[in-house]
Visitor: 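Pasting a structure below so you can have a look.
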There are 2 protein chains.
Amino acid sequence: MKKLADDILAKIGCKNTKPRKAVIEVLESTDNPLSAEDIFLRIKQLGESVNLSTVYRTLDLMETKSLVSKTVMSDGKARYELTVDGHRHHLVCTNCHKSVPIDFCPLEKLEKDIGKKNDFDITGHKLEIYGLCPKCKKE
Amino acid sequence: MKKLADDILAKIGCKNTKPRKAVIEVLESTDNPLSAEDIFLRIKQLGESVNLSTVYRTLDLMETKSLVSKTVMSDGKARYELTVDGHRHHLVCTNCHKSVPIDFCPLEKLEKDIGKKNDFDITGHKLEIYGLCPKCKKE
DNA sequence: ACTTCAAATGCAAATCATTTGCATTTAAAA
DNA sequence: TTTTAAATGCAAATGATTTGCATTTGAAGT
(Lines give C-alpha, C1' and ligand atoms only; values in the text may rest on other atoms or scores of the structure.)
Protein backbone atom coordinates (compact mmCIF):
# COMPACT_ATOMS: atom_id res chain seq x y z
CA MET A 1 0.00 0.00 0.00
CA LYS A 2 1.14 3.52 -0.78
CA LYS A 3 1.76 5.71 2.23
CA LEU A 4 1.15 9.39 2.63
CA ALA A 5 4.60 9.62 4.18
CA ASP A 6 6.19 8.54 0.91
CA ASP A 7 4.22 11.09 -1.07
CA ILE A 8 5.19 13.84 1.28
CA LEU A 9 8.87 12.97 1.22
CA ALA A 10 8.83 12.68 -2.55
CA LYS A 11 7.19 16.09 -2.80
CA ILE A 12 9.90 17.71 -0.69
CA GLY A 13 12.60 16.08 -2.76
CA CYS A 14 14.66 14.66 0.07
CA LYS A 15 15.79 11.20 1.03
CA ASN A 16 13.08 8.80 2.02
CA THR A 17 14.45 7.53 5.29
CA LYS A 18 12.96 5.35 7.98
CA PRO A 19 13.14 8.03 10.70
CA ARG A 20 11.37 10.57 8.52
CA LYS A 21 8.65 8.14 7.60
CA ALA A 22 8.19 7.30 11.24
CA VAL A 23 7.78 10.96 12.20
CA ILE A 24 5.24 11.58 9.48
CA GLU A 25 3.29 8.45 10.29
CA VAL A 26 3.02 9.43 13.93
CA LEU A 27 1.81 12.88 12.92
CA GLU A 28 -0.72 11.30 10.59
CA SER A 29 -2.08 9.08 13.31
CA THR A 30 -3.27 11.89 15.55
CA ASP A 31 -5.31 15.03 15.30
CA ASN A 32 -3.62 16.78 18.20
CA PRO A 33 -0.43 18.74 17.95
CA LEU A 34 2.46 16.73 19.37
CA SER A 35 5.76 17.78 20.89
CA ALA A 36 9.04 16.49 19.49
CA GLU A 37 9.36 14.25 22.49
CA ASP A 38 5.79 12.93 22.13
CA ILE A 39 6.69 11.93 18.61
CA PHE A 40 9.98 10.43 19.72
CA LEU A 41 8.26 8.31 22.37
CA ARG A 42 5.50 7.11 20.08
CA ILE A 43 8.02 5.98 17.53
CA LYS A 44 9.78 4.01 20.22
CA GLN A 45 6.48 2.44 21.26
CA LEU A 46 6.08 1.26 17.71
CA GLY A 47 9.27 -0.68 18.20
CA GLU A 48 11.41 1.53 15.99
CA SER A 49 14.41 3.52 17.02
CA VAL A 50 15.11 7.14 16.19
CA ASN A 51 17.21 9.85 17.65
CA LEU A 52 15.51 12.85 19.16
CA SER A 53 17.78 15.15 17.14
CA THR A 54 16.54 13.52 14.00
CA VAL A 55 12.97 14.10 15.04
CA TYR A 56 13.75 17.77 15.48
CA ARG A 57 15.57 17.91 12.17
CA THR A 58 12.70 16.27 10.36
CA LEU A 59 10.19 18.62 11.91
CA ASP A 60 12.29 21.65 11.04
CA LEU A 61 12.65 20.44 7.50
CA MET A 62 8.95 19.95 7.12
CA GLU A 63 8.18 23.27 8.68
CA THR A 64 10.37 25.07 6.14
CA LYS A 65 8.42 23.28 3.44
CA SER A 66 5.14 24.34 5.10
CA LEU A 67 4.06 20.76 5.61
CA VAL A 68 4.09 21.04 9.35
CA SER A 69 3.05 23.89 11.59
CA LYS A 70 4.94 24.62 14.77
CA THR A 71 3.40 26.34 17.75
CA VAL A 72 5.29 27.08 20.92
CA MET A 73 2.95 26.55 23.84
CA SER A 74 3.01 28.21 27.21
CA ASP A 75 4.77 25.24 28.79
CA GLY A 76 7.79 26.18 26.69
CA LYS A 77 7.59 23.20 24.38
CA ALA A 78 6.68 23.41 20.72
CA ARG A 79 3.87 21.32 19.24
CA TYR A 80 3.85 20.19 15.65
CA GLU A 81 1.10 19.04 13.36
CA LEU A 82 0.68 18.18 9.72
CA THR A 83 -0.79 20.92 7.61
CA VAL A 84 -1.45 18.58 4.74
CA ASP A 85 -5.18 18.76 5.19
CA GLY A 86 -5.31 22.49 5.70
CA HIS A 87 -4.72 24.51 8.80
CA ARG A 88 -6.70 23.99 11.89
CA HIS A 89 -7.22 25.59 15.27
CA HIS A 90 -7.60 24.01 18.67
CA LEU A 91 -9.27 24.27 21.99
CA VAL A 92 -6.53 23.73 24.53
CA CYS A 93 -7.17 22.66 28.11
CA THR A 94 -5.18 24.89 30.43
CA ASN A 95 -5.09 22.15 33.02
CA CYS A 96 -4.24 18.89 31.28
CA HIS A 97 -2.90 20.38 28.03
CA LYS A 98 -5.02 18.11 25.86
CA SER A 99 -6.36 19.79 22.77
CA VAL A 100 -9.40 19.39 20.59
CA PRO A 101 -9.39 20.52 16.98
CA ILE A 102 -12.12 22.90 15.92
CA ASP A 103 -13.40 22.89 12.43
CA PHE A 104 -13.72 26.48 11.44
CA CYS A 105 -11.55 29.53 11.16
CA PRO A 106 -12.89 32.98 11.94
CA LEU A 107 -9.95 34.58 10.20
CA GLU A 108 -10.33 33.29 6.70
CA LYS A 109 -12.51 36.13 5.52
CA LEU A 110 -10.93 38.84 7.61
CA GLU A 111 -7.29 38.38 6.72
CA LYS A 112 -7.42 40.26 3.46
CA ASP A 113 -9.08 43.30 4.95
CA ILE A 114 -6.66 43.41 7.84
CA GLY A 115 -3.74 43.13 5.48
CA LYS A 116 -4.92 45.97 3.29
CA LYS A 117 -5.70 48.20 6.22
CA ASN A 118 -2.18 47.80 7.62
CA ASP A 119 -0.26 47.45 4.38
CA PHE A 120 0.94 43.97 5.33
CA ASP A 121 1.27 40.94 3.07
CA ILE A 122 -0.49 38.40 5.25
CA THR A 123 1.01 34.93 5.16
CA GLY A 124 -0.86 33.15 7.92
CA HIS A 125 -2.08 33.23 11.45
CA LYS A 126 -2.24 31.28 14.63
CA LEU A 127 -5.22 30.95 16.93
CA GLU A 128 -5.71 28.98 20.07
CA ILE A 129 -8.63 29.01 22.44
CA TYR A 130 -7.99 28.17 26.07
CA GLY A 131 -10.23 26.72 28.72
CA LEU A 132 -11.00 23.76 30.91
CA CYS A 133 -11.92 20.51 29.22
CA PRO A 134 -14.92 18.46 30.38
CA LYS A 135 -12.78 16.23 32.60
CA CYS A 136 -10.78 18.98 34.26
CA LYS A 137 -13.91 21.06 34.86
CA LYS A 138 -15.20 18.49 37.30
CA GLU A 139 -12.13 18.50 39.49
CA MET B 1 1.67 62.32 40.09
CA LYS B 2 0.10 58.94 40.68
CA LYS B 3 1.46 56.14 38.57
CA LEU B 4 -0.36 53.23 37.04
CA ALA B 5 2.46 51.01 38.27
CA ASP B 6 1.58 51.85 41.86
CA ASP B 7 -2.07 51.07 41.30
CA ILE B 8 -1.26 47.76 39.74
CA LEU B 9 1.11 46.72 42.49
CA ALA B 10 -1.38 47.76 45.14
CA LYS B 11 -4.07 45.74 43.44
CA ILE B 12 -1.94 42.60 43.47
CA GLY B 13 -1.11 43.11 47.10
CA CYS B 14 2.62 42.68 46.88
CA LYS B 15 5.57 44.86 47.77
CA ASN B 16 5.94 48.01 45.76
CA THR B 17 9.56 47.73 44.73
CA LYS B 18 11.66 49.72 42.33
CA PRO B 19 12.34 46.82 39.96
CA ARG B 20 8.66 45.99 39.71
CA LYS B 21 7.72 49.56 39.01
CA ALA B 22 10.39 49.75 36.36
CA VAL B 23 9.06 46.64 34.60
CA ILE B 24 5.52 47.93 34.61
CA GLU B 25 6.55 51.36 33.41
CA VAL B 26 8.42 49.91 30.50
CA LEU B 27 5.42 47.79 29.58
CA GLU B 28 3.19 50.85 29.81
CA SER B 29 5.41 52.82 27.50
CA THR B 30 4.95 50.56 24.49
CA ASP B 31 2.17 48.95 22.57
CA ASN B 32 4.23 46.04 21.32
CA PRO B 33 4.83 42.86 23.24
CA LEU B 34 8.35 42.87 24.68
CA SER B 35 10.68 40.06 25.65
CA ALA B 36 12.11 39.83 29.15
CA GLU B 37 15.42 40.95 27.79
CA ASP B 38 13.89 43.88 25.90
CA ILE B 39 12.44 45.03 29.18
CA PHE B 40 15.69 44.45 31.00
CA LEU B 41 17.61 46.53 28.47
CA ARG B 42 15.13 49.38 28.44
CA ILE B 43 15.29 49.62 32.20
CA LYS B 44 19.03 49.88 31.97
CA GLN B 45 18.74 52.60 29.36
CA LEU B 46 16.64 54.54 31.82
CA GLY B 47 19.64 54.52 34.09
CA GLU B 48 18.20 52.05 36.58
CA SER B 49 19.57 48.68 37.49
CA VAL B 50 17.61 45.44 37.71
CA ASN B 51 18.45 41.82 37.52
CA LEU B 52 17.12 39.79 34.62
CA SER B 53 15.85 37.17 37.06
CA THR B 54 13.80 39.81 38.76
CA VAL B 55 12.31 40.86 35.48
CA TYR B 56 11.27 37.26 34.87
CA ARG B 57 9.89 36.96 38.37
CA THR B 58 7.89 40.13 38.03
CA LEU B 59 6.48 39.06 34.71
CA ASP B 60 5.54 35.63 36.07
CA LEU B 61 3.88 37.21 39.04
CA MET B 62 1.85 39.53 36.89
CA GLU B 63 0.92 36.78 34.53
CA THR B 64 -0.52 34.71 37.38
CA LYS B 65 -2.57 37.73 38.34
CA SER B 66 -3.70 38.09 34.73
CA LEU B 67 -2.22 41.55 34.42
CA VAL B 68 0.24 40.51 31.78
CA SER B 69 -0.15 38.13 28.87
CA LYS B 70 2.71 35.93 27.79
CA THR B 71 3.12 34.61 24.28
CA VAL B 72 5.96 32.40 23.21
CA MET B 73 6.94 33.39 19.70
CA SER B 74 8.51 31.26 17.03
CA ASP B 75 11.99 32.59 17.80
CA GLY B 76 11.72 30.74 21.10
CA LYS B 77 11.45 33.85 23.25
CA ALA B 78 8.35 34.87 25.13
CA ARG B 79 6.82 38.33 24.70
CA TYR B 80 4.88 40.05 27.42
CA GLU B 81 2.35 42.83 27.40
CA LEU B 82 0.03 44.53 29.83
CA THR B 83 -3.54 43.37 29.68
CA VAL B 84 -4.74 46.27 31.78
CA ASP B 85 -6.57 47.84 28.90
CA GLY B 86 -8.10 44.64 27.63
CA HIS B 87 -6.61 42.00 25.45
CA ARG B 88 -5.31 42.76 22.05
CA HIS B 89 -4.06 40.94 18.99
CA HIS B 90 -1.18 41.76 16.69
CA LEU B 91 0.05 41.64 13.17
CA VAL B 92 3.55 40.22 13.39
CA CYS B 93 6.16 40.66 10.69
CA THR B 94 7.77 37.32 9.96
CA ASN B 95 10.91 39.06 8.79
CA CYS B 96 11.75 41.78 11.30
CA HIS B 97 9.54 40.56 14.16
CA LYS B 98 8.00 43.97 14.71
CA SER B 99 4.35 43.86 15.57
CA VAL B 100 1.39 46.13 15.12
CA PRO B 101 -1.62 45.94 17.41
CA ILE B 102 -4.98 45.44 15.76
CA ASP B 103 -8.07 46.82 17.32
CA PHE B 104 -10.65 44.14 17.04
CA CYS B 105 -11.14 40.57 18.05
CA PRO B 106 -13.01 38.13 15.84
CA LEU B 107 -13.37 35.72 18.73
CA GLU B 108 -15.34 37.74 21.21
CA LYS B 109 -18.71 36.63 19.95
CA LEU B 110 -17.74 33.13 18.96
CA GLU B 111 -16.14 31.95 22.17
CA LYS B 112 -19.34 31.10 23.97
CA ASP B 113 -20.71 29.00 21.14
CA ILE B 114 -17.47 27.13 20.75
CA GLY B 115 -17.33 26.47 24.46
CA LYS B 116 -20.84 25.09 24.57
CA LYS B 117 -20.34 22.94 21.53
CA ASN B 118 -17.27 21.29 23.03
CA ASP B 119 -18.25 21.34 26.69
CA PHE B 120 -15.27 23.53 27.58
CA ASP B 121 -15.17 26.43 30.03
CA ILE B 122 -13.42 28.96 27.85
CA THR B 123 -10.98 31.22 29.66
CA GLY B 124 -9.26 33.03 26.84
CA HIS B 125 -7.54 32.79 23.52
CA LYS B 126 -4.51 33.85 21.62
CA LEU B 127 -4.42 35.07 18.05
CA GLU B 128 -1.58 36.32 15.93
CA ILE B 129 -1.57 37.19 12.27
CA TYR B 130 1.65 36.84 10.36
CA GLY B 131 2.93 38.59 7.30
CA LEU B 132 5.45 41.00 5.88
CA CYS B 133 5.36 44.56 7.13
CA PRO B 134 5.50 47.51 4.72
CA LYS B 135 9.28 47.90 5.11
CA CYS B 136 10.17 44.24 4.72
CA LYS B 137 7.87 43.85 1.72
CA LYS B 138 10.08 46.15 -0.31
CA GLU B 139 13.26 44.15 0.25
C1' DA C 1 11.31 57.03 63.47
C1' DC C 2 12.71 52.24 64.84
C1' DT C 3 12.26 47.27 64.93
C1' DT C 4 10.99 43.21 62.86
C1' DC C 5 10.29 39.77 59.43
C1' DA C 6 8.27 37.88 55.46
C1' DA C 7 8.80 39.04 50.91
C1' DA C 8 11.84 40.46 47.19
C1' DT C 9 16.35 40.90 45.10
C1' DG C 10 20.88 39.76 43.11
C1' DC C 11 24.04 36.55 41.86
C1' DA C 12 25.63 32.29 40.28
C1' DA C 13 24.56 27.86 39.20
C1' DA C 14 21.07 24.62 37.38
C1' DT C 15 17.47 23.27 34.01
C1' DC C 16 15.59 21.83 29.94
C1' DA C 17 14.08 22.14 25.18
C1' DT C 18 16.40 22.63 21.17
C1' DT C 19 20.61 22.94 18.20
C1' DT C 20 25.04 21.71 16.41
C1' DG C 21 29.70 19.44 15.16
C1' DC C 22 31.45 15.58 13.51
C1' DA C 23 32.29 10.76 12.47
C1' DT C 24 29.50 7.14 10.52
C1' DT C 25 25.73 5.34 7.79
C1' DT C 26 22.53 5.25 3.91
C1' DA C 27 19.39 6.34 -0.13
C1' DA C 28 19.51 6.80 -4.68
C1' DA C 29 21.88 8.40 -8.97
C1' DA C 30 25.20 6.82 -12.29
C1' DT D 1 28.03 -2.15 -7.66
C1' DT D 2 30.22 2.16 -6.91
C1' DT D 3 29.96 6.72 -5.55
C1' DT D 4 28.63 10.66 -3.06
C1' DA D 5 25.88 14.04 -1.04
C1' DA D 6 22.49 13.85 2.33
C1' DA D 7 20.93 12.03 6.69
C1' DT D 8 21.72 9.94 11.14
C1' DG D 9 23.36 9.16 15.91
C1' DC D 10 25.77 10.63 19.62
C1' DA D 11 27.59 13.79 22.73
C1' DA D 12 28.51 18.29 23.67
C1' DA D 13 26.93 23.20 23.18
C1' DT D 14 23.43 26.74 23.35
C1' DG D 15 20.31 29.96 25.18
C1' DA D 16 16.09 31.30 27.40
C1' DT D 17 14.23 30.69 31.68
C1' DT D 18 14.35 29.00 36.57
C1' DT D 19 16.09 28.24 41.11
C1' DG D 20 18.83 28.11 45.67
C1' DC D 21 20.50 30.88 48.87
C1' DA D 22 22.56 34.75 51.23
C1' DT D 23 21.46 39.57 51.51
C1' DT D 24 18.41 43.51 51.21
C1' DT D 25 14.11 45.99 51.67
C1' DG D 26 9.09 47.48 52.08
C1' DA D 27 5.68 48.05 55.21
C1' DA D 28 3.20 46.64 59.48
C1' DG D 29 3.27 47.37 64.21
C1' DT D 30 5.45 49.64 68.06
Visitor: Once you round it to whole Å, what is the distance between P of D:dA6 and CD1 of A:Ile12?
Guide: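 After rounding, the gap between these two atoms is 15 Å.
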Visitor: Applying the salt bridge (Lys or Arg N to Asp or Glu O under 4.0 Å) criterion to B:Asp119, which one of A:Lys138, A:Lys137, A:Lys135 satisfies it?
Guide: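 Output: one option passes, namely A:Lys137.
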Visitor: For a quick check, tell me whether the side chain of B:Lys15 and the base of C:dA7 share a donor-acceptor pair closer than 3.5 Å.
Guide: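 When only heavy-atom distances are counted, B:Lys15 does reach the base of C:dA7 through a donor-acceptor pair under 3.5 Å.
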Visitor: Nearest to the side chain of B:Asp60, which nucleotide is it out of C:dT9, D:dT18, D:dA7?
Guide: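 Selected nucleotide (nearest to the side chain): D:dT18.
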Visitor: With distance as the sole criterion, do the side chain of A:Ser53 and the base of D:dT8 form a donor-acceptor contact below 3.5 Å?
Guide: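 Such a pair does not exist between side chain and base.
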Visitor: Taking OP1 and OP2 of C:dG10, is either one under 4.0 Å from a side-chain nitrogen or oxygen of B:Thr54?
Guide: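 Checking C:dG10 against B:Thr54, a side-chain N or O does come within under 4.0 Å of OP1 or OP2.
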Visitor: Just checking A:Ser49: base, sugar-phosphate only, or nothing, at a heavy-atom cut-off of under 4.0 Å?
Guide: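 Sugar-phosphate only.
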Visitor: Whole angstroms only, please: what is the CZ-P distance between A:Arg79 and C:dA17?
Guide: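 It works out to 10 Å between those atoms.
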Visitor: DNA chain C: A:Ala36 or B:Lys18, which has the more 5' nearest nucleotide?
Guide: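 Looking at the nearest nucleotide for each, B:Lys18 comes out on the 5' side.
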Visitor: Can a donor-acceptor pair under 3.5 Å be found between the side-chain atoms of A:Lys77 and the base atoms of C:dT18?
Guide: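 Per atom types, no contact qualifies.
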Visitor: Between B:Thr30 and B:Val26 (side chain of the first, backbone of the second, donor and acceptor by atom type, cut-off under 3.5 Å), is there such a pair?
Guide: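 Absent.
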Visitor: To the nearest angstrom, how far is A:Glu48 atom CD from D:dT8 atom P?
Guide: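 So the CD-P distance, A:Glu48 to D:dT8, works out to 13 Å.
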Visitor: Please report, rounded to the nearest Å, how far the P atom of D:dA7 is from the CG atom of A:Leu59.
Guide: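 Interatomic distance, CG of A:Leu59 to P of D:dA7: 15 Å.
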Visitor: Quick check: closest heavy atoms across A:Pro101 and A:Asp31, and the distance to 0.1 Å?
Guide: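 Scanning both residues completely, I find the closest heavy atoms to be CG-OD2, 3.8 Å.
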Visitor: From CE of A:Met62 over to P of D:dA7, roughly how many Å is that when rounded to an integer?
Guide: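 The distance from CE of A:Met62 to P of D:dA7 comes to 13 Å, rounded to the nearest Å.
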Visitor: For a quick test of reading the model: is some side-chain N or O of A:Asn51 closer than 4.0 Å to OP1 or OP2 of D:dC10?
Guide: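 Result: yes.
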Visitor: Measure from the side chain of B:Val50, starting at C-beta and using heavy atoms only, and say which of C:dA27, C:dG10, D:dC10 lies closest.
Guide: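 Looking only at heavy atoms from C-beta outward on B:Val50, the closest nucleotide is C:dG10.
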Visitor: Grab the two heavy atoms, one from A:Leu127 and one from A:His89, that are nearest each other, plus how far apart they are.
Guide: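 It is O-ND1, 3.4 Å.
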Visitor: Output the single nucleotide from D:dG26, C:dA8, C:dA27 whose closest atom is nearest the side chain of B:Cys14.
Guide: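 The answer is C:dA8.
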Visitor: For the side chain of B:Arg57, counting heavy atoms from C-beta on, which of D:dC10, C:dT19, D:dC21 is nearest?
Guide: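 Looking only at side-chain atoms, B:Arg57 lies closest to D:dC21.
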Visitor: Under the 3.5 Å rule, do the base of D:dG26 and the side chain of B:Arg20 count as making a donor-acceptor pair?
Guide: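 Side chain to base: no pair below 3.5 Å.
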Visitor: Just the rounded figure in Å: distance from P of D:dG15 to CZ of B:Phe40.
Guide: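 Distance, rounded to whole Å: 17 Å.
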Visitor: Under 4.0 Å: is that the gap between some side-chain N or O of A:Tyr56 and OP1 or OP2 of C:dT18?
Guide: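 So the side-chain polar atoms of A:Tyr56 do come within 4.0 Å of the phosphate oxygens OP1 or OP2 of C:dT18, strictly under.
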Visitor: Judged by atom type as modelled, is there a donor-acceptor pair below 3.5 Å linking the side chain of B:Thr83 to the main-chain atoms of B:Ser66?
Guide: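 Side chain of B:Thr83 to backbone of B:Ser66, a donor-acceptor pair under 3.5 Å: yes, one is there.
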Visitor: May I have the distance from B:Leu52 (atom CG) to C:dA12 (atom C1'), rounded to whole angstrom?
Guide: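 Rounded to whole Å, this separation is 13 Å.
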Visitor: For D:dA6, does either OP1 or OP2 sit under 4.0 Å from a side-chain N or O belonging to A:Thr17?
Guide: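 Answer no for this pair, as no side-chain N or O of A:Thr17 is under 4.0 Å from OP1 or OP2.
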Visitor: Strictly below 4.0 Å, N to O, side chains only: are A:Arg79 and A:Asp38 in salt-bridge contact?
Guide: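 No, no charged N to carboxylate O under 4.0 Å.
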